[in-house]
Amino acid sequence: MNKHSIDTRRRALLRGAGAAGLALGGGGIALPALAGDKPSDPWQQAHAIAKRFKTPLVFRKQDFVITAHGARACKVTTVKGFIGHHEPGMVRTPAAGAHDCYPAIAAAIAACAKAGGGRVIIPAGAWLCKGPIVLRSNVHVHLKSGAHVFFSNDPDDFARYGEVDCGPNGKLTLSRWQSNDCLNYSPLVYAHKQNNIALTGEDWTSILDGQGGVPVGGGDCWWDWKVKRTGAKELMSQVAVNPANPPSILTVAPHLTPAQVKLIEGESSRWRHDEAYLPSLSEAGVPVGKRVFGRGHYLRPCMIEFIDCTRVLLKGYQVNQAPFWLHHPVACRDLEMRKVHMDSMGPNSDGFDPEACDNVLVEECTFNTGDDCIAIKAGKNLDTQHGPTRNVLIQNCIMNSGHGGVTLGSEMSGGIEHVYAQDIEFRNVNWATSPLSTAIRMKTNMNRGGFLKHFYVRNVTIPNGVQTTPQFYNPLPGSPIAPKTVSSSAGAVVTIDCDYAPTADNVRTRPPVVSNLHISNVKVGNVKTRAGTFSCYQAIMLLGPVAFDYNGNDPSLIVPITDITITDCDFGTPANADNPWFAYNVKSATLTNVTIGGKVYNTTVTA
């Protein structure tokens, strides 16, 4: 696991979008020039990323303990809830009448910031926080061993303290939801335009708990907002038409032409689902200040979201039961995440989603998630003002359950480049009940577009393989690719999917460009299933852009996947032995000393 590790030693969104004037626009974060677009030794660039984190963050040596500001620990009880999406079980929650520690935590952070910085201490014990923890510059929030922060499971508590008063929708917070800017419920831990901040724990008994599977008063929990349970009395969710959203996009964007309206709305009312309405607002050019969600809507907030921050440390704690994505830094620079344990099996429980960030180190973390373990993002629709994500190093991590292990996309309209992953163990210990869908995954489509280049992976072990059964994607009606023929969503060890969820987006005018991806030394083991002993369904899945899906004006922009190399790998034994790989619209994918099902391949794949 440590053959190639880089020694990092210790390291102890919206620009100009304030409450008074929220609008799209502004430039991306300043990025350092790279020594040539394609370095002669890419791992030297990875070393340079790690080197940036050798100097630890420095904070004033003064502690601000939350109990000195009125916090009181609470008793904890066990109730019926959900341990995974629609998976019932017993979950822990603060007992009735628990003291709300939000005012005390906020006061401790304010006192710390006023003093010029320092450390805010959350001692051992159970603490109920009925509001967001909002970090400020030069403040280090630290959870002692045995500290367990239970964030309120009542959505209304995260529409009380935002900087933007949106009337009946609540006091909301500037945030991003699936890579689109909006005003929404506050993330549970939040920072905006702050510098030199840290969130740490002493060990994995230092827990931040989002209570995503704990129902409120016997009704919904956060996770029900994805898709309601069978028999639920209230069927409103992010995937239902919300009457709060207007019947025509012209109501909020009267400047649109009839052709633009038709393109955005499509042929059904699905665009009025909250999860589709927000990207529709982006496509229509509606300013962020008018993209108001919160109360009456069903977009779950991220657990931890930092926007436009510099010098950020996340270290040494555990995250449980997040409402949505666990960690979502946006337009952040110099961000280090070390020894964090993520255990959340809810819907969209991505572990770590850096977006439009520059210089990111992820090291010695473990992931047991209900969605992608790591998913690198870079904007969606027209919300690309922060530019690409670049200079990301991932090493010495362990991935178990999840859709993808190391994933790039799908929201990547601003582009992703110079990403390095090494010494990763996709352990997949839950292979029999909740297997890792795919290990190394890239996904985009004709809407999310963007570019993906200079992605390097080496020294990977996958002892229990990945999912051994197919999960077929649903092409658009009339597509040249027949339904139930391409297992792009699960089952391959390496997946490049340029036609991810094509039915999800009405506007499909931005073809992706994928090139220069290099994978080496991947070792995959087999597991014994009822159908046989296999490592995966298919070793490699390469689905290039599907021209049929494009509804823009310049089809010459559609180009095949190119410059892929896979070297010195053993993919074990696929269940789909007759088709060890799939390729569509691929110009060049070179396999060198690649073993699949005991056969060694040295070939270039084109399709």
- Item | Flag, side chain of Ser401 to backbone of Ser434, donor-acceptor distance under 3.5 Å | yes
- Query: Do Thr533 and Asn526 pass the side chain to side chain donor-acceptor pair (under 3.5 Å) test, and can you show the C-alpha distance, the side-chain angles, and the key distance before you say yes or no?
  - Reply: CA-CA 6 Å; Thr533 300; Asn526 298 323; over 6 Å; no
- Message: Given Glu411, which partner from the list Arg176, Lys380, Lys377, Lys443 fulfils the salt bridge (charged side-chain N to carboxylate O under 4.0 Å, His left out) test?
- Response: Lys377
- Could you state the interatomic distance from OG1 (Thr369) to CH2 (Trp325), rounded to the nearest 0.5 Å? 13.0 Å
- Task: Give, for atom OG of Ser282 and atom OH of Tyr277, the distance between the pair rounded to the nearest 0.5 Å.
- Result: 12.5 Å
- Between Thr438 and Ala492, is there a donor-acceptor pair closer than 3.5 Å when you use the side chain of the first and the backbone of the second? yes
- Query: Would a 4.5 Å heavy-atom cut-off, applied to side chains only, mark Gln321 and Trp223 as touching?
  - Reply: yes
- Message: For Thr389 and Glu355: C-alpha separation, side-chain torsions, deciding distance, then whether side chain to side chain donor-acceptor pair (under 3.5 Å) applies.
- Response: CA-CA 6 Å; Thr389 294; Glu355 177 168 2; over 6 Å; no
- Query: With a 4.5 Å heavy-atom cut-off, do Thr444 and Tyr500 have their side chains touching?
  - Reply: no
- Item | Parallel, tilted or perpendicular: ring planes of His192 versus Tyr190, cut at 30 and 60 degrees | tilted
- Item | Electrostatic pair Asp497-Arg441, nearest N-O below 4.0 angstrom | no
- Query: Please walk me through it: do Ser344 and Asn320 pass side chain to side chain donor-acceptor pair (under 3.5 Å)?
  - Reply: CA-CA 5 Å; Ser344 180; Asn320 297 159; over 6 Å; no
- Task: Could you tell me which non-hydrogen atom of Cys536 sits nearest to which non-hydrogen atom of Gly491, and how far apart they are?
- Result: CB-O, 3.4 Å
- Message: Which heavy atom of Pro301 sits nearest to which heavy atom of Ser186, and what is that distance?
- Response: CB-O, 3.4 Å
- Note on the structure: OH (Tyr537) and CG (Asn576) are apart, to the nearest 0.5 Å, by 4.0 Å
- Between the side chains of His403 and Asp371, does any donor sit under 3.5 Å from an acceptor? yes
- Query: Is there a donor-acceptor pair closer than 3.5 Å between any side-chain N or O of Arg291 and the backbone N or O of Val286?
  - Reply: yes
- Item | Near-ring test Trp204/His341, centroid separation under 6.0 angstrom | yes
- Message: Within the 4.5 Å heavy-atom criterion, are Val514 and Ile496 side-chain neighbours or not?
- Response: yes
- Kindly determine whether Cys373 and Val406 satisfy side-chain contact (heavy atoms from CB on, under 4.5 Å), including the steps that lead there. CA-CA 7 Å; Cys373 297; Val406 174; over 6 Å; no
- Note on the structure: Ile416 and Ala378 have their tightest heavy-atom pair at CG1-CB, 4.1 Å
- Message: Determine whether the aromatic ring centres of residues Tyr185 and Trp225 are separated by less than 6.0 angstrom.
- Response: yes
- Can you tell me if Tyr298 and Asn242 form a side-chain donor-acceptor pair at under 3.5 Å? no
- Would you call Ile481 and Phe548 a side-chain contact if the rule is heavy atoms closer than 4.5 Å? no
- Query: So do Leu542 and Trp581 actually touch side chain to side chain, heavy atoms under 4.5 Å?
  - Reply: no
- May I ask you to check whether over 12 heavy atoms, not counting those of Lys226, lie within 6.0 Å of atom NZ? yes
- Task: Compare every heavy atom of Leu436 with every heavy atom of Gly405, then report the nearest pair and how far apart it is.
- Result: N-CD1, 4.1 Å
- Item | Closest non-hydrogen atom pair between Pro470 and Gln467, with its separation | O-NE2, 4.2 Å
- To the nearest 0.5 angstrom, please state how far the CE atom of Met446 sits from the CG atom of Leu476. 10.0 Å
- Message: Does either side chain, that of His297 or that of Asp274, offer a donor lying less than 3.5 Å from an acceptor on the other one?
- Response: yes
- Electrostatic pair Arg508:Asp549 at N-O distance under 4.0 angstrom: no
- Are any of the side-chain heavy atoms of Phe367 and Cys365 separated by less than 4.5 Å? yes
- Message: Distance check, rounded to the nearest 0.5 Å: Arg92 atom CZ versus Thr78 atom OG1?
- Response: 7.0 Å
- Going through the distances and angles, do Val149 and Ile122 end up as a side-chain contact (heavy atoms from CB on, under 4.5 Å)? CA-CA 8 Å; Val149 177; Ile122 301 178; 4.0 Å; yes
- Query: Between the main-chain N or O of Asn428 and the side-chain N or O of Asn400, is there a donor-acceptor pair closer than 3.5 Å?
  - Reply: yes
- Query: Within the distance-only criterion (no hydrogens, no angle test), does the side chain of Asn430 pair as donor or acceptor with the backbone N or O of Pro435 below 3.5 angstrom?
  - Reply: no
- Task: Scan Asp209, Ile207, Leu143, Thr205 and name whichever one has a side chain to side chain contact (heavy atoms under 4.5 Å, CB included) with Gln318.
- Result: Ile207
- Which pair of heavy atoms, one from His273 and one from Val241, lies closest together, and at what distance? CD2-N, 3.3 Å
- Would you confirm whether the ring centroid of Phe324 sits within less than 6.0 angstrom of the ring centroid of Trp177? yes
- Would you find a donor on one side and an acceptor on the other, under 3.5 Å apart, between the side chain of Asp505 and the backbone of Val507? no
- Query: Is there a donor-acceptor pair under 3.5 Å between the side chain of Asp154 and the backbone N or O of Asp156?
  - Reply: yes
- Message: Does Arg510 form a side-chain contact (heavy atoms from CB on, under 4.5 Å) with Asn447? I'd like the steps, not just the answer.
- Response: CA-CA 5 Å; Arg510 292 178 284 271; Asn447 172 276; 3.4 Å; yes
- Do Val214 and Cys221 touch side chain to side chain, with heavy atoms closer than 4.5 Å? no
- Message: Under the criterion side chain to side chain donor-acceptor pair (under 3.5 Å), I'd like the reasoning laid out for Ser410 against Arg448: C-alpha separation, chi angles, the key distance, then a yes or no.
- Response: CA-CA 7 Å; Ser410 65; Arg448 301 164 198 210; 2.6 Å; yes
- Message: Using only atom types and a distance under 3.5 Å, with no angle test, would you say the side chain of His327 pairs donor to acceptor with the backbone of Gly351?
- Response: yes
- Message: Please check this pair: side chain of Arg427 against backbone of Met399, looking for a donor-acceptor N/O pair closer than 3.5 Å.
- Response: no
- Query: Would a 4.5 Å heavy-atom cut-off, applied to side chains only, mark Arg338 and Leu314 as touching?
  - Reply: no
- Spacing of Cys302 atom SG and Asp350 atom CG [to the nearest 0.5 Å]: 9.0 Å
- side-chain contact (heavy atoms from CB on, under 4.5 Å) between Asn180 and Asn381, worked out: CA-CA 8 Å; Asn180 288 125; Asn381 307 105; 3.2 Å; yes
- Do Asn184 side-chain atoms and Leu299 backbone N/O form a donor-acceptor pair below 3.5 Å? yes
